[in-house]
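Please see the structure below; I have some questions.
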Number of protein chains: 2
Amino acid sequence: MEANGNSIPTNGVVQSLLTDLYQVTMAYSYWKNGQQNCHAVFDVFFRKNPFDGEFTIFAGLGEVLKLLRNLKYSESDIDYLKTILPANAEQEFFDYLSAADGKGIKLYSVEEGTVVFPREPLIRVEGPLPLVQLLETTILNLVNYASLVATNAARFRIAAGEDKKLLEFGLRRAQGPDGGLSASKYCYVGGFDGTSNVLAGKLFGIPVSGTHAHSYVMAHTGVSQLAHKNLSPKDRPSESVDFLTLCQKWKERVCQACRVSLGQTNDGELASYISYSLAFPNGFLALLDTYDILRSGLPNFCTVALALHELGYKAMGVRIDSGDLAYLSKEIRKVFHLISREFNVPWFADLTIVASNDIDEETLLSLNQQGHSIDAYGIGTHLVTCRKQPSLGVVFKLVQVDELARIKLSQDVAKVTIPGQKTLCRLYGKDGHALLDLMLREEEKLPEKDQRVLCRHPFE
Amino acid sequence: MEANGNSIPTNGVVQSLLTDLYQVTMAYSYWKNGQQNCHAVFDVFFRKNPFDGEFTIFAGLGEVLKLLRNLKYSESDIDYLKTILPANAEQEFFDYLSAADGKGIKLYSVEEGTVVFPREPLIRVEGPLPLVQLLETTILNLVNYASLVATNAARFRIAAGEDKKLLEFGLRRAQGPDGGLSASKYCYVGGFDGTSNVLAGKLFGIPVSGTHAHSYVMAHTGVSQLAHKNLSPKDRPSESVDFLTLCQKWKERVCQACRVSLGQTNDGELASYISYSLAFPNGFLALLDTYDILRSGLPNFCTVALALHELGYKAMGVRIDSGDLAYLSKEIRKVFHLISREFNVPWFADLTIVASNDIDEETLLSLNQQGHSIDAYGIGTHLVTCRKQPSLGVVFKLVQVDELARIKLSQDVAKVTIPGQKTLCRLYGKDGHALLDLMLREEEKLPEKDQRVLCRHPFE
């Protein structure tokens, strides 16, 4: 998915020091106690699916691999660490860090985008105890939100249905610049079709989409403001037609057909649609709700779309960003059918209706229950910030040091870890459907095709 | 606050293309319609305080200024834009973008860290219509989460009380790498004392803190594992004392004083505390809850702290990360008092007790109600992801083009904008307390000191 093909972390702040201080103090203590050659095994897993759900989409692996490939402690990193560790911290430790890289670290992982379940080792990280310890926070940071938002996107996809187009519009409300960029990337992993985020398009090759905002409509006061008003017919580029006059002709016919009085439509809005069409005659998609959807936005859209049609261009559709989306989408579709029949323009009936405005999973389910005519959704805030549950509890737990398995005990049974070096495999039935995930000790034999295998639930 | 003193955006992904595609299509349409010299005024504001609260802390301005100072469209940006705009988009527009910078853009803003209220213009952005439009998404992204998390931090500060130490521990659960880095920065703005995030320390000069995790305790199986066991007394660096033997002597005395049987304490835990103390004799702060706080962690801590004391070192304290924090902190404090009296070590009674484990605002309020002996809190997930409300609705609205004020109408009165170029001033009473914020039209005279001024609420 990396369109730019490079292997450095997408975000420059993903670096060795993007970690908790206690990882550094622990690493120093391990080093000081001569444990730098202890071989540690850590499991990355979570205890509960997010959103009270039944599955999780694992994501973030690509960035973890880039982190490991580029792992180093720069001179300025070391200089800074010296200022925060005690003055008597030994120089040899800093030399050890300066020489460190990701080469001694082994990583076993399920694939990016896989459906995973609680308590399975998603990633197993092995290597020298101090170095692997230093990676904990950074790996968790890269996996936690990535998996959370990919899972959220998959849930929105399931709620919307397979045939709807889903666009991620969350950049402005995301938790920081990278929250936005990660959201665009991992929503695509989770089943979205595209994003409004231009940088995500540039960096990851994700399809980008977007047309105009309310401010664009508001910036226009009337058709007198139009600097240009001519457009060439699509198949006769040398000709030039007065597009404004053409629109004015269509406006009367549309208002009559829709039974809207000419005076009700907003002239600034019409000017903005005309101006946009002159810039993008092949990509006209209008935002209808700056003033009044049914009495201004919709007739103005139909006016410009029919004028474009007369010159051989096909409009794309409309977006609604407020009001009762189920009702409005059906009313809009009725008008599209009416125009289609009235003016004999068959494709008009199938114009795209995009809906946005604080949509969450429940909105999608409720819209489906009510019935609607929406083809595509632009989804922002709740998708990218995961309001229902804004964090996933992926943890990084020590399960083995050298040959000895380790366990974390807790009065809370759910917090007890599964000790030892483990392998995970997914068993499929004859029909190709996944049956279950099986955890094996590293030394156990993998199950063989067409052979019975005894599986026990670890807790039940 | 920028320790590194540079003026480029902290995060490399903060760049011109970190915006929604529709900003680009609108900019193109404006340009195409000859509106590149229209002077646009946009207000940045929000409609409702987050967390059902009564105030908001404005933050993110510093990063917005850096964005403007570095605004440019690189060759690769332009190349990418050409692939997503229609093939017939005019080259002159791309030339216009290539030549664009932040110089023509004026910004008026309240100061970073100011307490602000709904519907006030926090930032007023003025400049050429297409260029200012292009900035909308990026500015909102930089201000929205920054202000949200700074406000959340301020609320945690109010709930915890002025005298408690508050440490941000959220990096691993934050929404992406920058979610973590921004959280560390803006929680400090909002009233936190420090962070566990090492990179935030390096980049912003925020105090960092942290000691060790459960995995560190689990990595030790017993004192036989200790590679070194000698420590020099603090004031006699040339001497070397067998610290392990010293600890074993203190262990008996502590267990007797605490009425814990010697066999109940975990030997691996003791080894980990000894190992940590040998590395950080001046910074010993132990995590108590890997096995059993009162029967193992606490006596092991007291053992090592008293042994350190005998050599002239003063331990820092303990951290508890599970269980009933109010009860446990009081029990721990009792033991600290007991040890202090029993062994005549006055400062032992005042050792720091740090509490962590999924703490939110309600936990803090409830702990205060129950009574507790906690001195400091390590707060992560709920602070940085703002679970109560993971997004703030800061918007960027057109209020004027050239000399003409603009308004966005809406059936929802709360969504109607306040038109025109406005100035904001805060009026203070004679006692120095802020009385109210006053919005004036740009051409109105600012209120003068000691003069009466008529203020009207814009909606009530």
Side-chain angles (χ1 to χ4, degrees), chain A residues 11-14 17-22 25-26 28-29 32-34 80 84 86 137 140-141 144-145 171-182 196 198-199 201-202 208-216 218-219 227 275-276 279-280 282 291 381 385 387 390-391 398 401 406 408-409, chain B residues 11-14 17-22 25-26 28-29 32-34 80 84 86 137 140-141 144-145 171-182 196 198-199 201-202 208-216 218-219 227 275-276 279-280 282 291 381 385 387 390-391 398 401 406 408-409:
Chain A
N11 192 324
V13 304
V14 179
L17 292 198
L18 190 71
T19 191
D20 292 312
L21 177 60
Y22 78 176
T25 54
M26 285 191 276
Y28 180 69
S29 305
K32 176 105 175 142
N33 194 39
Y80 176 68
I84 55 172
T137 311
L140 289 179
N141 179 278
N144 253 322
Y145 177 61
L171 179 57
R172 66 188 59 199
R173 300 284 169 82
Q175 296 200 348
D178 178 86
L181 200 60
S182 298
S196 63
V198 182
L199 190 60
K202 184 183 177 195
V208 288
S209 70
T211 53
H212 69 88
H214 297 116
S215 65
Y216 182 79
M218 289 156 66
S275 179
Y276 193 86
F280 300 104
N282 289 300
Y291 303 109
T381 314
T385 64
R387 187 185 48 173
S391 64
L398 183 69
V401 180
R406 300 299 161 99
K408 157 91 177 75
L409 296 176
Chain B
N11 192 324
V13 304
V14 179
L17 292 198
L18 190 71
T19 192
D20 291 313
L21 178 60
Y22 78 176
T25 54
M26 285 191 276
Y28 180 69
S29 305
K32 177 106 176 142
N33 194 40
Y80 176 67
I84 56 172
T137 311
L140 289 179
N141 179 278
N144 253 323
Y145 177 61
L171 178 58
R172 66 188 59 198
R173 300 283 168 84
Q175 296 200 348
D178 179 86
L181 199 60
S182 298
S196 63
V198 182
L199 190 60
K202 183 183 177 195
V208 288
S209 70
T211 52
H212 68 88
H214 297 116
S215 64
Y216 182 78
M218 289 156 66
S275 179
Y276 192 86
F280 300 104
N282 290 300
Y291 302 109
T381 314
T385 64
R387 187 187 47 175
S391 64
L398 183 68
V401 180
R406 300 300 161 98
K408 157 90 177 75
L409 296 176

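Predicted, not measured: the structure shown is a model, and the values here were computed from it. Just so it is clear: chains get the letters A, B, ... in the order the sequence lines come, proteins before strands, and each one is counted from 1.
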Nearest-0.5 Å distance, CG of residue B/Asn144 to OG1 of residue A/Thr385: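 It is 10.0 Å, given to the nearest 0.5 Å.
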Using a cut-off of under 4.5 Å on heavy-atom pairs, state which of B/Ala174, B/Ala213, B/Ser275 scores highest against chain A.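 If we count pairs closer than 4.5 Å to chain A, B/Ala213 comes out on top.
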A/Tyr22 versus chain B, the contacting section by heavy-atom distance below 4.5 Å: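 Both backbone and side chain of A/Tyr22 come within 4.5 Å of chain B.
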Does B/Phe280 have any ring-ring contact (aromatic ring centres under 6.0 Å, His included) partners at least two apart in sequence or in another chain, and if so, which?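 ring-ring contact (aromatic ring centres under 6.0 Å, His included) check on B/Phe280 returns A/Tyr28, B/Tyr276.
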Do side-chain atoms of A/Arg406 reach the backbone of B/Met218 as a donor and acceptor pair under 3.5 angstrom?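 Yes, because the side chain of A/Arg406 sits within donor-acceptor range (under 3.5 Å) of the backbone of B/Met218.
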State, to 0.1 Å, how close A/Leu21 and B/Gly210 come at their nearest heavy-atom pair, and which atoms those are.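 A/Leu21 and B/Gly210 have their closest heavy atoms at CD2-N, 3.7 Å.
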Do B/Asp20 side-chain atoms and A/Leu171 backbone N/O form a donor-acceptor pair below 3.5 Å?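 No: the side chain of B/Asp20 does not pair with the backbone of A/Leu171.
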Segment of B/Thr381 engaging chain A (4.5 angstrom heavy-atom cut-off): side chain
Cut-off 4.5 Å, heavy atoms of chain A, and the answer for B/His212 is both
Name all residues meeting the salt bridge (charged side-chain N to carboxylate O under 4.0 Å, His left out) criterion together with B/Asp178; count only those two or more places apart in sequence or in a different chain, and write none if there are none.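 Residues passing salt bridge (charged side-chain N to carboxylate O under 4.0 Å, His left out) with B/Asp178: none at all.
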Is A/Gln175 reaching over with its side chain to a backbone N or O of B/Pro390, donor-acceptor style, under 3.5 angstrom?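 A pair under 3.5 Å: yes.
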Any non-hydrogen side-chain atom of B/Tyr216 less than 4.5 Å from a side-chain atom of A/Thr25?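 A side-chain contact is absent here, since even the closest heavy-atom pair is not under 4.5 Å.
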So which residue, B/Val198, B/Thr19, B/Leu398, B/Leu140, ends up with the most heavy-atom pairs under 4.5 Å with chain A? B/Val198
Checking heavy atoms, do the side chain of B/Leu181, its backbone, both or neither come under 4.5 Å from chain A?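 Just its side chain gets close to chain A.
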Looking only at A/Val208, A/Leu18, A/Val14, most heavy-atom pairs under 4.5 Å shared with chain B are made by A/Leu18
Exercise: identify the closest heavy-atom pair between A/Ser29 and B/Ala279: OG-CB, 3.6 Å
For the residue pair A/Arg173 and B/Ser391, what are the closest heavy atoms and their distance?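 Answer, listing the atom of A/Arg173 first, then B/Ser391: O-CB, 4.0 Å.
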Best-contacting candidate, A/Thr137, A/Asn33, A/Val401, against chain B by heavy atom pairs under 4.5 angstrom: A/Asn33
